[in-house]
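For reference, the structure is listed below as structure tokens.
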Amino acid sequence: MSELITADLVDLDLSAQSKSEAARSLAGRMVAAGRVTDLDGFLADVAAREARMPTGLDGGIGIPHCRSEHVATPTLAFGRSAPGIDFGAADGPADLVFLIAAPAGADDDHLTILSSLARRLMDPEFTDALRAECDPAAAAALIRGEEAPAPAADEPAREAGTVEPFRIVAVTSCPTGIAHTYMAAESLETAARAEGVVLHVETQGSAGFQRLDPAVVAAADAVIWAHDVEVREKARFDGKPVVDTGVKAGISRPAELISEARRKAGRGEAARLSGAGEEPGPGTGGAAGASGHFGVRLRTYLMSGVSYMVPFVAAGGLLIALSFAIGGYEIASAKSVADHFDWGEAAGWAALLNQIGTAAFGFLVPVLAGYIAYGMADRPALVPGFVGGAIALTIDAGFLGGLVAGLLAGAAVTAIQRVKVHPTLRGIMPVLVIPLLASIAVGFLMFIVVGKPIASLQNALTDWLNGLSGSNAVILGVVLGLMMCFDMGGPLNKVAYAFAVGGLADPTPGSLKVMAAVMAAGMVPPLAMALATTVRRGLFTRTERENGRAAWVLGASFITEGAIPFAAADPLRVIPSAMAGGAVTGALSMAFGCTLRAPHGGVFVVPLIGEPFLYLLAIAAGTAVSTALVVVLKGARRTPESAAPAGEGSGVAVAA
């Protein structure tokens with residue numbers, strides 16, 4: 001296995017002025033070492049990761065990182081900056097910068113090394129040694145762990161006869177699973193040692209996870225979840241006091257989390273995370289895993305189903321769209337390629353793509369129903385959920401039938417789990433009794449009771465979409481545009497997107513117009529922020545201008561979340577501006593009659609769009625409206641002193 005970092009990947013006098021310059025400088029060393037194959041492609045992936053969440057950490061540390069197909073081997077580059085570089089940390093700029101590059105399919109050994117570094121960054125002796133080191137080779141050796149200090153004991157020392165220490169088990173996880181996961185673990189462990197608390201952490205990162213010993217979990221007085229992705233196998237912690245927070249809190253305020261865990265344990269709080277007889281599974285945590293009022297729980301269940309359905313929509317939709325681009329719309333009526341396939345004819349390949357895509361689309365409704373039920377009641381609900389979804393297809397209840405079937409399946413399983421059974425039956429409940437009884441119940445309800453009314457409603461909705469024209473279509477486009485741009489990837493955005501992709505399961509002219517309007521509107525916020533940072537740079541901070549460059553790519557790719565850093569910094573100006581532009585784009589797309597069979601892709605699927613030039617015009621118009629509004633709103637707040645042009649190199653933020 002090659003060394004993760006060598007002397008030529010260390011720059012002890014990093015002269016970059018911004019985080020993008022720092023990433024380019026360190027990535028250039030990776031390219032020179034043959035570890036990164038495409039500099040610009042890799043930097044685009046780094047910028048996209050940075051746009052989702054700043055990578056600055058308290059203590060003067062910046063740790064930009066990503067997984068990228070342009071990385072040949074897992075690599076770390078280190079730079080030390082005397083003036084410091086702003087990576088978005090609350091306590092100021094970073095003087096220690098680590099650029100972590102992981103391949104799209106990094107192996108466990110290298111990821112383990114990466115996680116080890118991330119944890120050591122929380123050790124002041126380690127960071128002080130890096131700040132004092134003058135030799136690149138010695139710095140590389142220190143980072144590799146060849147001079148690492150001995151680890152502290154797992155449990156604090158205590159005198160004989162003292163009170164038994166408070167015990168906590170914790171789970172940490174982040175979306176990338178490379179850095180923040182392990183930093184949160186190390187931060188919690190350090191705080192626990194300082195307070196005399198025994199703490200065991202399970203890191204659910206990219207390298208997989210080693211489950212906590214059941215005996216350790218059983219002995220724990222409380223649980224801490226510091227996570228940005230769903231905790232796996234939540235049911236293990238049933239009946240324990242649980243502190244549930246984001247991974248950043250685990251890094252920045254571990255002592256507060258430990259204190260909160262103590263308070264919850266003192267009050268005797270106990271989380272209900274599993275049903276009777278349920279087998280723990282790697283799901284969303286079952287009905288008890290969703291907290292809040294009914295509306296919040298319902299949204300969580302529906303989004304669980306949609307999140308599993310979208311990959312089927314994306315793969316199937318793009319395949320079908322490509323088949324139409326190659327062979328025309330008549331390719332949908334081609335004979336089965338299993339009976340006849342002509343290797344030398346484009347029509348044969350078009351038919352193959354169409355039939356593969358159609359097969360993928362056939363799973364949409366069952367997968368939606370199955371994973372809605374899964375979100376409600378975990379693994380035992382999968383079978384009745386899939387069965388209900390398949391019945392929805394059989395009776396032509398479509399997307400709405402899948403939604404109802406999933407909810408019915410989850411409710412049926414939850415009800416059965418509440419029935420007390422003899423201990424000898426508990427072993428067969430989740431694998432036999434619950435799926436059997438719940439499938440019978442869901443099948444009866446779908447076939448006999450609710451199926452036909454839902455099918456009638458689905459047909460009415462389809463007829464309404466097909467009949468949309470003139471002002472009705474424009475109004476629907478406005479509503480969808482507003483929903484896509486209000487929370488930029490949040491619940492309302494996902495509801496509008498789910499409505500659009502649901503129509504692709506049984507595409508009609510109306511549903512294809514809806515899909516086009518939704519994607520067009522979703523591209524507007526990041527494109528508008530990118531354009532605004534280009535035409536009026538003085539209204540934005542240096543960090544925002546860097547995010548603006550990444551937002552060009554994110555917006556063009558239909559990743560609405562690219563505008564979130566701007567909305568978080570100035571919501572009262574950015575969000576209304578984005579919504580106005582999205583409404584304009586949605587209305588124009590519907591008015592122009594643009595259609596889209598692909599559920600994703602942004603500008604890269606424009607050749608597959610009906611009325612592509614008018615479609616681009618709608619996006620451009622909405623982007624211009626949002627850009628103009630955000631510039632006017634931000635500019636109106638500027639004080640007279642801030643009206644003078646700011647020096648480009650100053651890095652001073654203009655009042656906005």
Side-chain angles (χ1 to χ4, degrees), residues 57-59 112 115-127 148-160 162-174 177-205 207-271 273 280 285:
L57 302 173
D58 291 348
T112 300
S115 67
S116 174
L117 167 71
R119 298 175 73 127
R120 292 171 61 211
L121 287 175
M122 308 308 296
D123 182 358
E125 292 185 9
F126 175 64
T127 53
D154 284 344
E155 299 190 7
R158 56 186 186 274
E159 297 178 2
T162 59
V163 177
E164 185 71 16
F166 192 78
R167 296 178 178 273
I168 297 176
V169 290
V171 176
T172 61
S173 65
C174 67
I178 294 178
H180 292 79
T181 298
Y182 304 99
M183 290 179 175
E186 181 66 20
S187 184
L188 286 167
E189 288 173 345
T190 300
R193 285 195 294 270
E195 297 192 21
V197 171
V198 176
L199 182 139
H200 297 269
V201 185
E202 179 181 293
T203 52
Q204 297 184 356
F209 70 103
Q210 293 292 325
R211 290 168 184 80
L212 289 166
D213 188 324
V216 171
V217 175
D221 300 300
V223 179
I224 295 175
W225 292 338
H227 63 116
D228 286 341
V229 296
E230 203 64 46
V231 173
R232 293 176 240 185
E233 302 185 8
K234 284 184 176 180
R236 294 174 293 162
F237 309 104
D238 185 38
K240 302 285 185 183
V242 175
V243 176
D244 192 351
T245 186
V247 70
K248 278 279 191 178
I251 297 173
S252 60
R253 48 188 186 89
E256 292 180 28
L257 301 184
I258 291 173
S259 297
E260 184 178 352
R262 283 181 179 273
R263 288 194 297 272
K264 286 195 171 190
R267 293 194 297 264
E269 295 186 16
L273 303 172

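As a basis for the values below, the full set of heavy atoms in this structure was taken, side chains included, without hydrogen atoms, waters or symmetry mates.
- The heavy-atom pair separating Ala185 from Val201 by the smallest distance is CB-CG1, 3.6 Å.
- Contact annotation: the side chain of Glu195 approaches that of Ile258 to within less than 4.5 Å [non-hydrogen atoms, C-beta and beyond].
- From Thr190, atom OG1 reaches atom CD of Glu186 across 4.5 Å, with rounding to the nearest 0.5 Å.
- Residues Asp213 and His200 have side chains that never bring a donor and an acceptor to within less than 3.5 angstrom of each other.
- Taking 4.5 Å as the limit, every side-chain heavy atom of Ile168 sits out of range of all side-chain heavy atoms of Val198.
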Would you sort out whether Leu212 and Phe237 count as a side-chain contact (heavy atoms from CB on, under 4.5 Å), showing the intermediate values? CA-CA 11 Å; Leu212 289 166; Phe237 309 104; 4.3 Å; yes
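- Side-chain contact between Val223 and Val243: absent, with no pair of heavy atoms (C-beta onward) separated by less than 4.5 Å.
- Residues Ala226 and Gly250 share a closest heavy-atom pair of CB-CA, 4.1 Å.
- Among all heavy-atom pairs drawn from Pro241 and Ala265, the shortest one is CG-CA, 3.8 Å.
- Looking at heavy atoms from C-beta onward, Leu199 lies out of side-chain contact with Val169 at the 4.5 angstrom threshold.
- Atom CZ of Arg193 sits about 11.0 Å away from atom CG of Leu188, to the nearest 0.5 Å.
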Report the C-alpha distance between Thr245 and Trp225 in whole Å, list the side-chain angles of each, state the deciding distance to 0.1 Å, and finish with yes or no for side-chain contact (heavy atoms from CB on, under 4.5 Å). CA-CA 6 Å; Thr245 186; Trp225 292 338; over 6 Å; no
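- Taking all atoms of both residues into account, the shortest heavy-atom contact from Pro165 to Gly196 is CB-O, 3.7 Å.
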I'd like to know whether Arg262 forms a side-chain contact (heavy atoms from CB on, under 4.5 Å) with Val197, so could you lay out the CA-CA distance, the side-chain angles of the two residues, the decisive distance to 0.1 Å, and finally the verdict. CA-CA 10 Å; Arg262 283 181 179 273; Val197 171; 3.1 Å; yes
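- Here His227 contributes atom NE2 and Lys234 contributes atom NZ; the two are 5.5 Å apart, rounded to the nearest 0.5 Å.
- Note: Phe166 CZ to Asp221 CG = 4.5 Å, rounded to the nearest 0.5 Å.
- With Lys264 contributing its side chain and Lys240 its backbone, the two residues share no donor-acceptor pair below 3.5 Å.
- With respect to the salt-bridge test (charged N to carboxylate O, under 4.0 angstrom), the residues Arg236 and Glu202 qualify.
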